[in-house]
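Note on naming: letters A, B, ... go to the chains in the order of the sequence lines (proteins, then strands), and numbering restarts at 1 for each one. Predicted model only: the values in this text are computed from it and were never measured.
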Amino acid sequence: MANILPKSFYDRRTIDVATDLLGKFLCRKIGRNTYKGRIVEVEAYLGAKDLACHTSKGKTPRNEVMFGPPGHAYVYFIYGMYHCFNVVTEKEGNPCAILIRALEPIDEIRKFRNCDTRLISKFPGFPISDPSTTCGNNENKSSKNLHGKSIYNMLNGPAKLCRELMIDRKLNGWDLTSGKQLWIEKGETIRSGRIKKSKRIGVDYAGNWKDRLLRFYIKNNEYISKE
DNA sequence: GGTATGATGGGC
DNA sequence: CCCATCATACCC
């Protein structure tokens, strides 16, 4: 597939990769089907010197993927119940990554959420496929399925998008350029005027790094985790 | 919008 | 003990 982002995309300065990831498509293949979400919010983690980055305390079994080559997935388990998905950037040995914080669901994923019940029997517990949802072409911001979930509230957080797309530690280290199971495709390039910056979320422990503006999101997008 | 709290368990 | 989260409660 020609649209898969190549290794060279990730082998650059982390902040540049982070802003360039906005507007690209995260793709997850499960069974015969592929589900895609548009990346709308990310955070950059700048390696050993960055006190908010897991690698600031050195190499451990958990974070060793970040020390490897760019273009691989760094997936970690947090708070006893959640996973977060990152892409590794920069040259091998410079342990940086970008946390994917929110996705905008696009047509396939919406259709699946609403209509496709075949996968449910194959993957019991797959959260995005809720048999109680109705087939909805008239969704609005307050539309909810029978479990009270809105399409606006399913992919707007790093742990929520992992839950919905069944991303867990089995995909830690996955080569995102292989075009199987999990990859990222070209989309639009978001001009800097459409990108907002803020402090990263949940890193108040990170000393003089906690206030750095390393969170990037698409201005006015409806699927952001937090304003 | 903000703050506070419990859930829940791997990592160091 | 800590934690790159989430859902819920409440606005002290």
Is A:Arg101 close enough to C:dT5 that one of its side-chain N or O atoms is under 4.0 Å from OP1 or OP2 there?
yes

Atom CD1 of A:Ile100 and atom P of C:dT5: how far apart are they, to the nearest Å?
14 Å

For residues A:Lys57 and A:Asn63, is any side-chain donor paired with an opposing acceptor at under 3.5 Å?
no

State which residues pass side-chain hydrogen bond (donor to acceptor under 3.5 Å, both in side chains) with A:Asp168; sequence neighbours excluded, sorted by chain then number.
A:Lys170

Rounded interatomic separation in angstrom, taking CG from A:Asn156 and C1' from C:dA7
12 Å

Non-neighbouring partners of A:Arg169 that pass side-chain hydrogen bond (donor to acceptor under 3.5 Å, both in side chains), sequence neighbours left out
none

Name all pairs fulfilling the salt bridge (Lys or Arg N to Asp or Glu O under 4.0 Å) condition that reach into residues 72-91 of chain A, sequence neighbours left out, sorted by first residue then second.
A:Asp11-A:Lys91

Of the options A:Val40, A:Ile39, A:Val42, which is the one that meets A:Ile218 in a side chain to side chain contact (heavy atoms under 4.5 Å, CB included)?
A:Val40

Distance check needed: C:dA4 P versus A:Tyr74 OH, whole Å only.
9 Å

Could you give the side-chain donor-acceptor pairs of residues 74-82 of chain A under 3.5 Å, partners two or more places apart or in another chain?
unit_1, atom_1, unit_2, atom_2, d
A:Tyr74, OH, A:His54, ND1, 2.6

Salt-bridged, A:Arg12 to A:Asp20, with N to O below 4.0 Å?
yes

Members of residues 198-215 of chain A that approach DNA chain C, where some heavy atom sits under 4.0 Å away:
A:Ile201, A:Gly202, A:Val203, A:Tyr205

Which residues pass the side-chain hydrogen bond (donor to acceptor under 3.5 Å, both in side chains) test with A:Tyr45, sequence neighbours left out?
A:Glu43

Calculate the interatomic distance between A:Leu155 atom CG and C:dT5 atom C1'; express it in whole Å.
15 Å

When rounded to the nearest 0.5 Å, the distance separating NZ of A:Lys180 from OG1 of A:Thr34 is 13.5 Å

Do any side-chain atoms of residues 207-215 of chain A form donor-acceptor pairs under 3.5 angstrom with protein atoms, and if so which ones, sequence neighbours left out?
unit_1, atom_1, unit_2, atom_2, d
A:Trp209, NE1, A:Lys49, O, 3.1
A:Asp211, OD1, A:Lys199, NZ, 3.2
A:Arg215, NE, A:Glu41, OE2, 2.8
A:Arg215, NH1, A:Ser198, OG, 3.0
A:Arg215, NH2, A:Glu41, OE2, 3.1
A:Arg215, NH2, A:Lys226, O, 2.4

Rounded to the nearest angstrom, tell me the gap between atom CG in A:Leu161 and atom C1' in C:dC6.
13 Å

Nearest-Å distance, CG (A:Asn86) to P (C:dT5)?
11 Å

For A:Glu64, which residues count as a side chain to side chain contact (heavy atoms under 4.5 Å, CB included) partner, sequence neighbours excluded?
A:Lys59

Please determine, by modelled atom types, if A:Asn33 and A:Lys29 share a side-chain donor-acceptor pair under 3.5 angstrom.
no

Stems involving DNA chain C, each a run of at least 3 consecutive Watson-Crick or G-U pairs under 3.5 Å
B:1-7 with C:5-11, B:9-11 with C:1-3

Cluster partners of A:Ile201, using ILVMFWY side-chain heavy atoms under 4.5 angstrom, listed by chain and number?
none

Identify, residue by residue, the members of residues 45-55 of chain A with a heavy atom below 4.0 Å from DNA chain C, and return them in order of residue number, or none.
A:Tyr45, A:Ala52, A:His54

Between C:dA4 (P) and A:Glu43 (CD): distance, integer Å
10 Å

Tell me, for nucleotides 5-12 of chain B in 5' to 3' order, what letter each nucleotide earns: B for a base near a protein heavy atom under 4.0 Å, S for only sugar-phosphate near one, - for neither?
--BBBSSS

